[in-house]
Protein chains: 2
Amino acid sequence: MTSSNDKLKETTVSTEHIFTGKVISLQVDTVQLPDGTEGKREIVKHPGAVAVLAVHEGRLLLVDQYRQALGRCELEIPAGKLEHGEDPMEAARRELEEETGYRCSRLSLLHSFYTSPGFADELIHLYLAEDLKAGNASPDEDEFLEIIEATFAETQQYIAEGRISDAKTILAAYIWQQKMAGDHANKGA
Amino acid sequence: MTSSNDKLKETTVSTEHIFTGKVISLQVDTVQLPDGTEGKREIVKHPGAVAVLAVHEGRLLLVDQYRQALGRCELEIPAGKLEHGEDPMEAARRELEEETGYRCSRLSLLHSFYTSPGFADELIHLYLAEDLKAGNASPDEDEFLEIIEATFAETQQYIAEGRISDAKTILAAYIWQQKMAGDHANKGA
């Protein structure tokens, strides 16, 4: 999984813990750079998260929720933090059901990706959910959200308008589009 | 650009500034939730960044660099923070040239996206660079990196191996793939 380019390696000299919160913690690492000088690296620690690409009857499941960091609501695919020690696939199943009410019988990992490797270790595991069955949502007590089911054209429109504006959801839209093109090709079109 | 779903809106009650660093700052906001109760939101402030999808003679320009948050090297498309007041398109041109040496005569915005809207306001502007001309790289003094030019198959392999593992680069690979499929279709294939 890793590359090892020793010429580029930085070595941790010391770590200063700045903050430990409910979701993230912050530390400043002093590192020795490849040329022997020292530098500072501000690092946010995050427990990791899951996100789910779920399409039901040709519509992408999205949740509308307020994002304090953005100062506005945003449409995103269902997602949430990993609980301590939780298996990512189980977390994806849980988040999908809590946020949208949908249960799925098949989940497969599409990609695991870092959101901001320059300053954070947050890793998102993005799953494809298939064989969906509708049910009742039960979000966490400090989560207020609304479910939106969007056609591909509506999804493109939301991206163009900026109502969808986060990396994982835009990536999911490209993957959805590629899957549709693949399905189309497989049907001999 | 914004949606306004008042039922979901959170209102800032107070802000506690925790840390101001070279790259990021951290604050904890107390917010009033839609049901009238209060909650805490840990928010990382970031100046924003640019990233560049640049393909030269069928090869994607990538930079290999050590990421302290990940504890290893990673291959990413050329990218960097916005300087104070800098125009994103100029920043994209600057980062591409500093990191890879390539100059481009055409840049177009593909997407602007938030990397981690749950806890950070980092917004990345992703540009497509065209009409590339090779030159000499001149990275910042605390940036140590190596340029890699990868075919599409190599890019897919790097993603499979986890050497490419960040959201913006994986997204760029999907966009590249879609552009190639579009070019192929336009040529009447």
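In this text the structure is predicted, and so the values were computed from the model without any measurement.
Put simply, CD1 on Ile148(A) and CZ on Arg163(A) are 5.5 Å apart, with the number rounded to the nearest 0.5 Å. Atom CG of Leu61(A) sits about 12.0 Å away from atom CG of Leu75(A), to the nearest 0.5 Å. To the nearest 0.5 Å, atoms CG (Leu145(B)) and OH (Tyr66(B)) are separated by 15.0 Å.
For an aromatic pair to be called close, the ring centres must be under 6.0 Å apart, and Tyr127(B) with His111(B) fails this. Proximity of the aromatic rings of Tyr114(A) and His46(A) is defined here by a centroid distance below 6.0 angstrom, and this criterion is not met.
Neither the backbone nor the side chain of Lys81(B) has a heavy atom closer than 4.5 Å to any heavy atom of chain A. Using a 4.5 Å cut-off between heavy atoms, Leu70(B) touches chain A through its side chain atoms alone. Proximity to chain A (any heavy atom under 4.5 Å) is shown, for Leu123(B), by neither the backbone nor the side chain. For Gln68(B), the parts lying near chain A are the backbone and the side chain together; criterion is any non-hydrogen pair under 4.5 Å. Looking at Ser112(B), the atoms closer than 4.5 Å to chain A (heavy atoms on both sides) all sit in the backbone: N, CA, C or O. For a residue to count as touching a neighbouring chain, one of its non-hydrogen atoms must lie under 4.5 Å from one of that chain's; by this rule Gln65(B) touches chain A with the backbone only. Interface remark: Leu171(B) contributes backbone and side-chain atoms alike to the contact with chain A (heavy atom separation under 4.5 Å). Both the backbone and the side chain of Val23(A) come within less than 4.5 Å of a heavy atom of chain B. Both the backbone and the side chain of Glu146(B) come within less than 4.5 Å of a heavy atom of chain A.
Counting heavy-atom pairs closer than 4.5 Å to chain A, the top-ranked of the candidates Leu33(B), Ile24(B), Asp121(B) is Ile24(B). Of the listed residues (Ser116(A), Ala79(A), Gly39(A), Gly71(A)), the one with the most heavy-atom contacts under 4.5 Å to chain B is Ser116(A). With chain A as partner, the option from Lys22(B), Glu10(B), Arg41(B) having the largest number of non-hydrogen pairs under 4.5 angstrom is Glu10(B). Ranked by heavy-atom pairs under 4.5 Å with chain A, the list Lys40(B), Glu122(B), Lys168(B) is led by Glu122(B). The most heavy-atom pairs under 4.5 Å with chain A, out of Glu42(B), Arg67(B), Gln177(B), Lys9(B), come from Glu42(B). Note on Ala49(B), Ser165(B), Gly21(B): by heavy-atom pairs under 4.5 Å with chain A, the leading option is Ser165(B).
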request  = Start with the C-alpha distance between Glu74(A) and Arg72(A), add both sets of side-chain angles, then the distance that settles side chain to side chain contact (heavy atoms under 4.5 Å, CB included), and finish with yes or no.
outcome  = CA-CA 7 Å; Glu74(A) 191 184 47; Arg72(A) 62 172 174 85; 4.2 Å; yes

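Distance alone, capped at 3.5 Å, is enough to place a donor-acceptor pair between the Glu154(A) side chain and the Thr151(A) backbone. The backbone N or O of Ala153(A) lies less than 3.5 Å from no partner atom in the side chain of Gln156(A), so there is not a single donor-acceptor pair.
Taking each heavy atom of Glu76(A) and Pro117(B) in turn, the nearest pair found is OE2-CG, 3.4 Å.
Here the rule is side chain to side chain contact (heavy atoms under 4.5 Å, CB included) with Leu126(A), and of Leu109(A), Val50(A), Ile175(A), Val52(A) only Ile175(A) fits it.
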